[in-house]
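Some notes on the structure that comes next.
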Amino acid sequence: MLIVKKFGGTSVANKERIFNVAKRCIEDYKKGNDVVVVLSAMGKYTDELITMARDINEKPPKREMDMLFTIGEQMSVALMAMAMDSMGVPAVSLNAFQVAMHTTSAHGSARLKKIDAARIRRELDNRRIVVVTGFQGIDKYNDYTTLGRGGSDTTAVALAAALHADACEIYTDVDGVYTADPRKVPKARKLKEITYDEMLDLATLGAGVLHNRSVEMAKKYGVPLVVRSSLNNSEGTVVKEEVTVERMLISGVALDTDAVRIAVIGLKDSPGVAFKLFDTLAKKNINVDMILQSIGRAGTKDISFTVDKNDLDDAMGVLEANQSRIGYVELHAEKNIAKLSIVGAGMMSNPGVAAKMFESLYNEGVNINMIATSEIRVTVLINEKDGVRAMNAVHDAFNLAD
């Protein structure tokens with residue numbers, strides 16, 4: 001068997017945890033398996049690098065931030081290979097250049113295009129454990145790129161797909177996928193199984209357990225995913241195309257506090273205006289989520305939408321620079337907001353799900369600013385201060401408690 005294992009930053013935060021991960025990987029290796037390990041930066045090291053950068057430059061160039069960030073993962077993989085070597089097991093650490101992980105050139109949010117797996121296969125053939133840097137790649141200019149927060153998950157899934165791995169195990173500081181973040185909702189329950197589609201929506205909407213692009217890729221290439229704890233041996237949660245357990249109405253509740261709302265006021269109420277607005281943002285690689293357009297009045301309309309807070313400065317800058325082309329009167333940004341979502345394939349065949357969610361928020365006195373829906377999710381925009389309370393109320397309303 002060929003197994004790809006990914007471990008997050010908390011799993012390798014210190015010497016004791018590095019050796020704990022090394023032992024788990026060696027157990028599989030000694031059973032005769034080929035093992036590829038993908039690592040994130042140790043503990044909060046990436047946050048420390050951000051602090052150091054901003055102490056030098058409040059708005060550092062994204063290319064230089066990617067150059068800086070890659071230090072963290074290279075430290076993790078080198079130390080892990082050293083730990084395995086000290087335990088008598090041959091291991092080799094490889095970075096994005098040595099593997100050749102080709103990406104787009106969007107610094108900070110690059111997408112993987114192709115992985116050259118030849119070097120990894122060569123090392124596996126020599127019976128080495130291969131320890132690979134997560135989160136990073138190289139673009140056509142041979143510059144380092146990074147895949148965004150949580151990007152090591154995507155690295156692991158991409159490697160599993162490229163190597164036709166038999167299993168892809170994602171190890172985190174929680175022992176699986178829960179109906180809600182157990183740190184915010186104490187009654188949250190661990191799920192045995194969840195579909196790719198449900199997991200993708202939860203990941204996109206702030207669940208934080210898996211990087212959304214990793215789920216997208218796992219679904220596309222049929223990579224079997226298991227989310228497990230790096231701190232114990234519990235079974236974890238299987239992410240796959242179809243689940244065998246009885247279908248619940250709702251699989252999970254997610255809260256995203258990293259969103260900001262931008263309101264574009266006084267747009268001309270005529271064809272092509274929305275295209276100009278969102279085309280301008282797309283050319284800057286800015287992802288837009290919830291969109292609300294007002295009913296036209298007196299020849300004008302307003303459009304509100306949400307973006308990730310890390311994209312706020314870029315979004316405002318490009319919109320201000322293109323005011324005459326887009327033709328708006330005012331621009332406003334609102335930061336203290338949160339997106340609360342319910343996700344579940346069960347809602348496709350059950351009417352009244354949204355009404356139940358809205359009722360629970362009404363009972364808690366939580367005001368809804370925007371609403372967006374799909375076949376398997378309902379998302380509302382609320383005030384950030386109401387987020388955790390609203391999340392618990394909705395979780396209780398759908399009887400998701402353990």
Side-chain angles (χ1 to χ4, degrees), residues 4-13 21 37-50 62 65-66 68-70 72-73 76-77 96 101 103-104 106-112 115 132-137 144-161 168-178 180-184 194 196 198-220 223 225-230 236-237 239 252 254-259 285 287 289 307-311 339 341 343:
V4 176
K5 294 172 171 285
K6 178 264 171 179
F7 292 88
T10 54
S11 306
V12 291
V21 168
V37 185
V38 176
L39 298 182
S40 299
M42 296 171 66
K44 299 289 185 182
Y45 191 69
T46 302
D47 293 332
E48 291 175 28
L49 291 173
I50 292 171
K62 287 187 176 181
M65 287 301 287
D66 279 0
L68 181 67
F69 281 152
T70 53
E73 280 70 30
S76 293
V77 297
M101 294 190 182
T103 72
T104 61
H107 289 288
S109 58
R111 288 181 174 267
L112 281 164
I115 293 176
V132 181
T133 52
F135 177 62
Q136 61 181 242
Y144 273 118
T145 59
T146 61
L147 309 180
R149 282 284 183 161
S152 295
D153 295 344
T154 302
T155 303
V157 173
L159 281 170
C168 184
E169 301 172 350
I170 308 292
Y171 290 83
T172 70
D173 53 354
V174 293
D175 53 357
V177 180
Y178 281 74
D181 186 338
R183 292 164 294 192
K184 295 174 182 173
I194 189 169
Y196 289 128
E198 290 172 320
M199 190 66 248
L200 179 57
D201 268 358
L202 284 172
T204 303
L205 298 164
V209 181
L210 284 172
H211 194 227
N212 60 330
R213 291 214 294 273
S214 73
V215 185
E216 204 173 82
M217 195 174 291
K219 177 178 169 65
K220 182 177 179 180
V223 175
L225 279 181
V226 182
V227 181
R228 302 179 64 182
S229 171
S230 60
T237 302
V239 186
L255 183 70
D256 179 6
T257 56
D258 288 331
N285 291 312
N287 285 324
D289 188 15
V307 298
D308 188 276
K309 66 182 177 186
N310 292 324
D311 289 330
K339 289 190 293 186
S341 307
V343 174

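Residues take their numbers from the sequence shown, with the count starting at 1. The shown structure was predicted, so the numbers you read here are calculated from the model rather than taken from an experiment.
- Interatomic distance, CZ of Arg228 versus NZ of Lys5, reported as 6.5 Å (0.5 Å rounding).
- Applying the salt bridge (charged side-chain N to carboxylate O under 4.0 Å, His left out) rule to pairs touching residues 147-158 yields Lys6-Asp153, Asp47-Arg149, sequence neighbours excluded.
- Judged by distance alone, with hydrogens and angles left aside, the side-chain atoms of Ser109 form no donor-acceptor pair with the main-chain N or O of Gly148 at under 3.5 Å.
- Residues that satisfy the side chain to side chain contact (heavy atoms under 4.5 Å, CB included) test with Asp66, not counting sequence neighbours, are Phe69, His107, Thr145, Thr146.
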Show your reasoning for whether side-chain contact (heavy atoms from CB on, under 4.5 Å) applies to Leu159 and Met101. CA-CA 9 Å; Leu159 281 170; Met101 294 190 182; 4.0 Å; yes

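- Side-chain contact between Thr237 and Ile194 is present, with at least one heavy-atom pair separated by less than 4.5 Å.
- Atom NE2 of residue His211 and atom OG1 of residue Thr154 lie 4.5 Å apart, to the nearest 0.5 angstrom.
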Leu147 vs Leu112, side-chain contact (heavy atoms from CB on, under 4.5 Å): CA-CA, chis, key distance, verdict: CA-CA 8 Å; Leu147 309 180; Leu112 281 164; 4.0 Å; yes

Working for side-chain contact (heavy atoms from CB on, under 4.5 Å), residues Thr172 and Ile170: CA-CA 7 Å; Thr172 70; Ile170 308 292; 4.2 Å; yes

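- Checking side-chain atoms of Thr155 against main-chain N and O of Gly151 turns up a donor-acceptor pair under 3.5 Å.
- Under a 3.5 Å cut-off, the side chain of Ser76 and the backbone N or O of Ser40 do form a donor-acceptor pair.
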Using the side-chain contact (heavy atoms from CB on, under 4.5 Å) rule, take Val77 and Leu39 through it: C-alpha gap first, then chi angles, then the decisive distance, then the call. CA-CA 6 Å; Val77 297; Leu39 298 182; 4.1 Å; yes

